[in-house]
Amino acid sequence: MGARTALISFDLDAIGAMSCNPAIGGLGKGHLVREVDALDGVLGRAADAGAIHYRMLNRSKGSAVWGPRVQADRVRFKAAVQQIIRAQSGLTLIQGEAAALVLEGGRVVGLELADGTILSAPRVILCTGTFLGGVLFRGEERFEGGRIGENAAKRLAHQLRGADLPMARLKTGTPPRLDGRTINWAVLETQPSDGEGWTMSPLTRARANPEVFCAITRTTQAGHDAIRANLHRSPLFSGAIAAAGPRYCPSIEDKIHRFGDREGHQVFLEPEGLDTHMVYPNGISTSLPVDVQATVVRTMPGCERAEIVQPGYAVEYDHIDPRALTPDLQVRAIPGLYCAGQINGTTGYEEAAAQGLVAGLEAAAAALGVQGPQLDRGNSYIAVMVDDLTLQGVSEPYRMLTARAEYRLRLRANNAATRLTGLGIAAGCIGEERRAWWDRREALREMFHVKHSQRVHARELADLGLPVRRDHGEKSLSEWLRFDGITPAALAPWLSEVTALDPVLAEEMAEDAAYAPYLARQDAELRDLRASEALSLAHDFPYGEVPGLSNEMVERLTKAAPGTLAAAGRVSGVTPAALSALLVHARRLANGQRAA
Amino acid sequence: MTSGPTIFALSSGAPPAGVGVIRVSGPQARAALQALAGRLPPPRRASLAKLRDGAGGLLDEALVLWFPGPNTATGEDLAEFHCHGGRAVIAAVESALAKLPDTRRAEPGEFTRRAFANGRIDLAEAEGLGDLLAAETELQRAAALANLGGALSRQVESWRAQVLGFSAEVEGVLDFSDEEDSADLPECFTWNIAALADEIGTWLARPRAERLGEGFRVVLAGPPNAGKSTLFNALVEKEAAITSPIAGTTRDVIERSVALAGVPFTFVDTAGLRVAGSETDADPIEAIGIDRARTELARADLVLWLGPEGEGPDGAWEIAAQADRADFIAKPTARFTLSAATGDGIDALRAALMAAARDVLPKPGEATLNARQHARLAEAGASLAAARTLHDPLLVAEELRRARVAFDRLIGRATTEDMLDTLFGRFCIGK
Ligand SMILES: Cc1cc2nc3c(=O)[nH]c(=O)nc-3n(C[C@H](O)[C@H](O)[C@H](O)COP(=O)(O)OP(=O)(O)OC[C@H]3O[C@@H](n4cnc5c(N)ncnc54)[C@H](O)[C@@H]3O)c2cc1C
Ligand SMILES: Nc1nc2c(ncn2[C@@H]2O[C@H](COP(=O)(O)OP(=O)(O)OP(=O)(O)O)[C@@H](O)[C@H]2O)c(=O)[nH]1
Ligand SMILES: [Mg+2]
């Protein structure tokens, strides 16, 4: 977009280091990766560069819930990130500790580093991850820091706490890493990489690395007994960590505590790279003491002799209540300051990347006096997440799920570019390479449209053995695609030629055709939604004065400060009667102002 | 709190009556109590007080009640005067109230509007109130009251909660299936959806609220001079139609709505239908009237056939009219033999008509759906019906979501056009 930008980090060489599982994508998260990529973010391309294992989760279900996921080689992933950011024009990399925000008249005007350097800038984005007031826990041990072996950002945390921003604490954890040479792979069921050709980013021409397999093992009763016997030594249960952790990927001690009746929990053994023996046992995140971790690991089949290279731990950290942010991720109380990533109460690389993108685009747009891309719940998971965060806040680390998106049928991982790249071009954030790709693809899309509108008679389909009645008349190919049992492959005689030109686009357009009736109904819903987005509420709207709102509702609405009436309707707990009262009050205020 | 003038109205039946309840709502309600009763009684407890006007003259001795807002029916401060129900007393109390500052007589429906604007009732309940205001018959009033009481809203909330439960099951399969916890959907899943779809189906099949407004439509038909208009006048208890011995007196359709013991009816008198071939006798105007009569026959809930036996439309009741006449020709299969002139048999016909109407119209006290609500519920029903036949959990989830959207619109949870229309159209709120 042409903004002059500086990136400050404790250790420049650590940018692109993954704190935990080097896996990128998954259910809901894969959508975010594709969307970030569609707006020319880094994550998708870097993931492809590091990928050593690919799997399309939910392949057996409808494509709107497919979740592309890769496991990356840590080293290659980081190298790719480093290469991309170092090649980025207009970006200056600065190593150091961000010690304090420089404020002037309540606005951010720059940043002070620990060595006293002052950088002035009208827009500052904080993405400090778990480093704000981070404390690591492992059994009875405590360390300060955001990741094992790294500093915590204490001064900055202190300043933010002092600034009266609503802060809270959350926790997350990571499992021990195993030495792959000490695992008996031969006895384990394996899961190969899917062997298909898809990549995270369409700019990646082909898969880059050899693909490795994962293995599957399980926790056992003996292991569960060891965990139960030592629960009191886990900081989660001893009371040392009070903060809420993610319900969607709980620690193993949580699982045993909550679902103790289970015979065993599945654990995926995932190689961390091509040149390392480190293995990530997915499913046993823990903060138990090291000796218990070892016992538990060794009760799993195939891991009887496994060695722990690095023990697991839990981390408790500060985050900002994201309801303090506006939809561009700007801190409402401190203009010019933006927050993105785990600091906003989310978990995951993909969630962090998506927010980084939003905050970056919005901050740049604001600095340059232009408009950022128009994202909303009807066009992206990114906006769904930002809307959820800023309206609902978090009570546990926020993770993307497809169930969060009401317009899921149109928000597919495989049509992210169609949905967003055009908006990115309008906002000025798309680089030349993607621009060229886009132009080629839009030309192809035209050809596909022409092919899809060809009319074919039912007899011809029936002659091919397809399940249609011969008297069904003549329809366009896109209409035929709505019929059960008629796939793009079945229509190969008419489509194979164009499909070969771009199989991914072919698939996307066939799905559009198949889902067309549903999409049309959603269009009507979206028009309605966008209309009610037109009724705006001031950020200091006097909810306390609206009759019929309970105190709890007043508090929630005040914290969430919904920008529009439609957003207010999404704040949980707002009843229909309260919403109508709000609407009436908003109208009255607006009319009163007009009259005055 | 919604500000604006304080309003009052007689909220019990028209005087004279045993008691007259006058309600006052708004910021001045407290002052009104103090002014008329001389003091503010303890909240929510009836106490006896002497009511006096500004000059100190005694108006009445009455029960007074004080309900401080916002937890009141209107969401505002509310006062009630339970006076003696004579016209003079009520008029006196009302005029004393009208003299208080910033206090005036309520417009029709204004209490409801305030309740809605103050978040005391939701959309379906407000519509109930709107219907209540428009209610002309006892049946209509009972139906409106059921909706106002939240019967429909409660029902919809419970359906919505069930659908939310179904959604959670499908979403579990969609979002967590790669984790071990989630299995496939249980077998009973589809049955449960089907059961709910059926339940909604029975609601949709019920008579609609508009039926109450239109009433049970009874058309009188038969050849000229059969005595249709005379019977019509007897049934509507008014000389609404001209009668005469001249064949072809009634040339157009005449319709009258009346309530028989609280049950709404629309009676329709028509031009006499001339037997085939003789229509050439009819002048062009009468011919148009006959055409209209035929249209009416198609719209009718019930036809009273005063013509020759067996020549009326299917399902019509055979009526042998003018039974008092010397030249009366009996109809062997007549359901009713009567004379509009003497009144013989009319009561029996009326009783039978009421029984027939009650079967078709909404039951008293039963929540009813108006056209808007019916349309939303039909959407929800259609989505559920689709959900039970689909196999792709993704599409099942989408249909369930649609059903929830429809429920939300029904009760106004979503800020959609429905709500705006109702708010700003029907209730003139916020103007
Ligand atoms: C133990 C653990 C396990 C996790 N497990 C998983 C997992 O399995 N799957 C998953 O998807 N996600 C997991 N996560 C979450 C994921 O790592 C984070 O959500 C994501 O990395 C957050 O990205 P971020 O950019 O917000 O912050 P981070 O990735 O934490 O990056 C913050 C950066 O800011 C720098 N920094 C902080 N403060 C300062 C300062 N004052 N001055 C200069 N530099 C500073 C840090 O050095 C760091 O480089 C885990 C996180 C942790 C800590
Ligand atoms: N004695 C007697 N005369 C009746 C009775 N009903 C109708 N009449 C008379 O019969 C004549 C015709 O009656 P209407 O009610 O006008 O007949 P109609 O069927 O409406 O006739 P058209 O409007 O011409 O189709 C009038 O003179 C009535 O007074 C009855 O029950 N008893
Ligand atoms: Mg007549």
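Just so it is clear: chains get the letters A, B, ... in the order the sequence lines come, proteins before strands, and each one is counted from 1.
- Taking non-hydrogen atoms and a 4.5 Å limit, the residue list of residues 385-392 of chain B in contact with chain A, ordered by number, reads B:L390, B:D392.
- Among the candidates A:S63, A:G67, A:S60, A:A403, the residue making the largest number of heavy-atom pairs closer than 4.5 Å to chain B is A:A403.
- With a 4.5 Å cut-off on side-chain heavy atoms, B:L174 and A:R408 count as touching.
- Judged as a ring-ring contact (aromatic ring centres under 6.0 Å, His included), and not counting sequence neighbours, the contacts of A:F483 are A:H472, A:W480.
- Contact count versus chain B (heavy atoms, under 4.5 Å) is highest, among A:R521, A:R570, A:Q522, for A:R521.
- Once rounded to the nearest 0.5 Å, the distance linking CZ of A:R410 with CD of B:E398 reads 9.0 Å.
- Proximity of B:L394 to A:Y518: side-chain heavy atoms (C-beta onward) are nowhere separated by under 4.5 Å.
- A heavy-atom distance below 4.5 Å is found between the side chains of B:L395 and A:L409.
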